[in-house]
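A short write-up of the structure that comes next.
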Amino acid sequence: MQRAAPQDFDRVLSSMCTEPHPAAREAAERFLATNPGDPGTYQTVARLEERAVELLGEITALDDPAGYITSGGTEANIQAVRIARNYVDADEPNVVVPESAHFSFTKAAEMLDVELREVPTTDYRADVAAMADVVDANTVGIVAVAGTTEYGHVDPIPALADLAEDAGALLHVDAAFGGFFLPFTDIEWNFAHAGVDTMTIDPHKAGQAAVPAGGFLARSTDYLDELTIDTPYLESESQFTLTGTRSGAGVASAVAAMETLWPDGYRDQYQASMDNAHWLADRFEERGYDVVGPELPLLAADVSLELVEQLRDRGWRVTKTGSGEMRVVCMPHVTRSMLRTFVADLDWF
Ligand code: PLP
């Protein structure tokens with residue numbers, strides 16, 4: 001078989017992953033054969049993981065952060081639900097999420113035998129009153145999304161934190177997508193803004209690290225204790241991660257990306273990506289399409305399914321939202337010239 005090559009990014013408008021920063025790519029290659037799941041043996045990468053958590057703490061305004069580099073946002077969300085279920089006392093635990101929450105919460109609920117209460121959104125955001133209506137004595141967790149997968153919107157996080165506190169439940173913020181953009185906005189989303197207990201924030205998305213590098217943060221190590229099991233035959237005695245052997249490449253690349261880009265590089269990227277998203281929104285609107293966003297560098301436009309299929313046939317990687325709009329994610333690899341070519345193709349049909 002011919003040597004396979006990965007896809008180019010020059011027509012990818014659908015992905016929340018992106019070209020890793022060169023420093024992240026180099027670090028990933030250097031640490032390919034390491035396993036932070038066995039920190040006694042792989043000590044350097046274990047120290048790098050502590051550094052990764054420290055940097056994620058800076059980005060999310062959390063002093064003394066606890067956490068680790070996960071396989072992705074899915075694992076981080078599963079761990080958040082697991083903590084809520086184990087930490088809060090309830091006979092039949094439920095977690096309340098806006099319907100815009102990522103499908104990883106469905107996986108988490110099924111695996112952990114927790115009821116998932118999905119609540120309709122209003123204007124693409126969590127409806128706090130509607131969520132309050134379904135909270136009860138068995139609610140162990142409330143989820144807020146800081147950058148939804150479909151529309152890039154941020155939920156009212158301080159209000160949801162208050163709701164969680166009143167309910168005696170934990171508040172988890174899923175900033176898997178938004179976490180590396182939000183520090184440069186006025187939006188309240190982080191640990192200092194509200195009573196956030198746990199958070200997902202993924203270096204392998206807008207953090208420009210290599211896959212796999214998700215991020216899980218907890219306000220206190222007490223929460224990680226809820227996940228801890230004994231590991232008798234490793235040099236270390238216990239483990240709170242979901243997977244065992246893990247990617248040292250992901251950990252090292254996350255540190256390299258964050259040390260290189262935080263904060264100025266990420267700020268520049270946020271500005272460039274937002275400018276691109278606004279530029280594209282204007283082009284759609286000029287052509288008579290309804291546009292949702294951009295609040296973060298992600299927008300949706302009511303382009304017909306037929307046109308989306310035609311664009312796909314021309315090599316554009318675009319996806320549809322559940323309601324049928326075309327969704328475009330302006331990740332770092334998405335440049336203005338790429339968007340000009342995209343708009344020219346849009347006009348061609
Ligand atoms: N949370 C949000 C908001 C996401 O957008 C995604 C993925 O797009 C995830 C979680 C899951 O992340 P991963 O695909 O890294 O598991």
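Order of listing sets the numbers, starting from 1, for every ligand and every atom in it. The first residue of the sequence shown is numbered 1, and numbering continues consecutively from there.
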task: Answer yes if the ring centres of Phe184 and Tyr266 are under 6.0 angstrom apart, and no otherwise.
output: no
Amino acids contacting ligand 1, non-hydrogen cut-off under 4.0 Å: Met16, Gly72, Gly73, Thr74, Asn77, His102, Gly147, Thr149, Asp174, Ala176, Asp202, His204, Lys205
Side-chain atoms of residues 171-181: list all donor-acceptor pairs with protein atoms under 3.5 Å, sequence neighbours left out, distances to 0.1 Å.
| unit_1 | atom_1 | unit_2 | atom_2 | d |
| --- | --- | --- | --- | --- |
| His172 | ND1 | Thr198 | O | 3.3 |
| His172 | ND1 | Thr198 | OG1 | 2.8 |
| His172 | NE2 | Asn77 | OD1 | 2.9 |
| His172 | NE2 | Thr200 | OG1 | 3.1 |
| Asp174 | OD1 | Ala176 | N | 3.0 |
| Asp174 | OD2 | Asn77 | ND2 | 3.0 |

field: side-chain contact (heavy atoms from CB on, under 4.5 Å) partners for Ala252, two or more places apart
entry: Ala27, Phe31, Leu48
statement: Contacts satisfying side-chain hydrogen bond (donor to acceptor under 3.5 Å, both in side chains) that involve residues 239-258 (not counting sequence neighbours) are Glu49-Arg246
field: Candidates Val140, Val135, Val134, Asp136 - the one meeting side chain to side chain contact (heavy atoms under 4.5 Å, CB included) with Asn94
entry: Asp136
query: So Glu325 and Tyr151, side-chain contact (heavy atoms from CB on, under 4.5 Å) or not? Walk me through it.
result: CA-CA 10 Å; Glu325 298 108 337; Tyr151 297 101; 2.6 Å; yes
